[in-house]
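Owing to the predicted nature of the structure, the values given are computational and were not obtained by experimental measurement. Counting convention: from 1, in listed order, for ligands and their atoms alike. Keep in mind that the numbers below use all heavy atoms, side chains included, and drop hydrogens, waters and symmetry copies.
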Amino acid sequence: MTLAIIAAMHEELSAVLDLMPDERRERVAGREFWVGHLGGQAVVAVLSGIGKVAAATTATLAIQRFGAQALLFTGVAGGLGKGVRVGDLVVATELLQHDMDASPIFPRHELPLYGLSRLRTDAAMSRRLLQAARSVAADAARVLGSDARAAFGIATPAVHDGLIISGDRFVSTSAESAALRRELPDALAVEMEGAAVAQVCHDHGLPLAVLRTISDRADDQAHVDFSAFVQHVARSYTVALVERYLAISA
Ligand code: SAH
């Protein structure tokens, strides 16, 4: 069984590659796929690219060319839900494209011809990911180090599970995040790829789990918070999460 590990950021992918003893690079469609093992598990690791089309293409190639039978997505996201703070971890139970709108022909947010707007992640993989996330959060002092925690004001990160929304927009104004909160009150976090990968997995009948670390609050400060967070925090989280996820038996 090959697991695809799809990472959103360079910092995260390089952290994953550091854990693979035998990775071999294959280039397809301008992407570098890294085939090998991680914790005894056959893995293909790859950068998703940014945005829904890039991520859907990457996921499709991981499945069709590299035989991925399960997909694990890790990345950062903007926090939307009340109490979803920078440094928190969010495991998706379902994903929705917030910029999908074929109304009035189809209801707002519905994927045309699917009859669905929300796609569910795999329950077993997500439970395992939630367990890994809780273990990382409980151990944040060691995983992140005191400098990073102080710089980002991360005391004890919380772990959330629920709806993550995706769209081809970096949400970086308070007005826009307020509008998304009004429209989709149960959305915990906003990012740019997850729901697209979920659609690809849905089409192939393959299981998916998605974890996002909150890098910003999708507000006027988002661009500053995002860059600093990716540089200083995302990498440590990803290493710990992937290692712990694989250590928990399926
Ligand atoms: N200028 C950035 C662009 C990254 S886009 C760069 O230096 O690369 C932001 C990425 O992080 C996307 O992959 C998205 O999934 C996630 N993300 C983090 N915060 C987000 C937010 N507030 N809105 C949308 N996506 C966000």
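Every N/O-N/O distance between E191 and ligand 1 stays at or above 3.5 Å. On a distance-only criterion, V171 and ligand 1 share at least one N/O pair closer than 3.5 Å. Here's the thing with I50: none of its N/O atoms is less than 3.5 angstrom from an N/O atom of ligand 1.
The shortest side-chain heavy-atom distance between F73 and L129 does not fall under the 4.5 Å cut-off.
Classified by interplanar angle (parallel below 30°, tilted 30° to 60°, perpendicular above 60°), the ring pair F152/F229 is perpendicular.
Protein heavy atom in closest approach to atom 16 (C) of ligand 1: V76 O, 3.3 Å. Looking from atom 20 (C) of ligand 1 to the surrounding protein, the closest heavy atom is F170 CE1, 3.3 Å. In this structure, the protein non-hydrogen atom closest to atom 24 (C) of ligand 1 is R169 O, 3.4 Å. Counting only heavy atoms of the protein, atom 6 (C) of ligand 1 lies nearest to F226 CE2, 3.9 Å. Nearest protein heavy-atom neighbour of atom 15 (O) of ligand 1: E193 OE1, 2.6 Å.
Atoms of ligand 1 lying under 4.0 Å from at least one heavy atom of M9, given by number and element, are 10 (C), 11 (O), 13 (O). The ligand atoms of ligand 1 that sit less than 4.0 angstrom from a heavy atom of R212 are 15 (O). Per-residue contacts place A218 under 4.0 angstrom from the following atoms of ligand 1 (heavy atoms of the residue considered): 22 (N). For ligand 1, the atoms sitting less than 4.0 Å from at least one non-hydrogen atom of S215 are 18 (C), 19 (N), numbered in the order shown with element in parentheses.
Distance check, rounded to the nearest 0.5 Å: CZ of R127 to OG1 of T121 gives 10.5 Å. Taken from OG1 in T238 to CG in D18, the straight-line distance is 11.5 Å, to the nearest 0.5 Å.
Here atom 18 (C) of ligand 1 lies nearest to A77 when heavy atoms of S166, A189, A77, S177 are compared.
Residue contact check for ligand 1: R217 places no non-hydrogen atom closer than 4.0 Å to it.
Here R65 does not pair with E26 in a salt bridge; the nearest charged N to carboxylate O distance is not below 4.0 Å. Checked for salt-bridge contact, R25 and E23 miss the test: no charged N lies under 4.0 Å from a carboxylate O. For the pair R142 and D139, the salt-bridge criterion is met [side-chain N within less than 4.0 Å of a carboxylate O].
Within a 4.0 Å radius of atom 22 (N) of ligand 1, the protein has at least one heavy atom.
Q69 places a side-chain N or O within donor-acceptor distance of the main-chain N or O of T2, the cut-off being under 3.5 Å. Between the side chain of E191 and the main chain of E193, a donor-acceptor pair closer than 3.5 Å is present.
Neither the backbone nor the side chain of H223 comes within 4.0 Å of ligand 1, counting heavy atoms alone. Neither the backbone nor the side chain of S172 has a heavy atom within less than 4.0 Å of ligand 1. Residue E176 does not touch ligand 1, judged by heavy-atom distances below 4.0 Å. At a heavy-atom distance under 4.0 Å, only side-chain atoms of D216, from C-beta outward, approach ligand 1.
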With side-chain hydrogen bond (donor to acceptor under 3.5 Å, both in side chains) as the test, would you mind laying out the steps for D161 and T93 before giving the verdict?
CA-CA 6 Å; D161 61 323; T93 54; 5.8 Å; no
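The environment of NE2 in H10 is sparse: at most 12 heavy-atom neighbours from other residues, nucleotides or ligands sit within 6.0 Å.
Donor-acceptor pairing under 3.5 Å is lacking for the side chains of S177 and R217.
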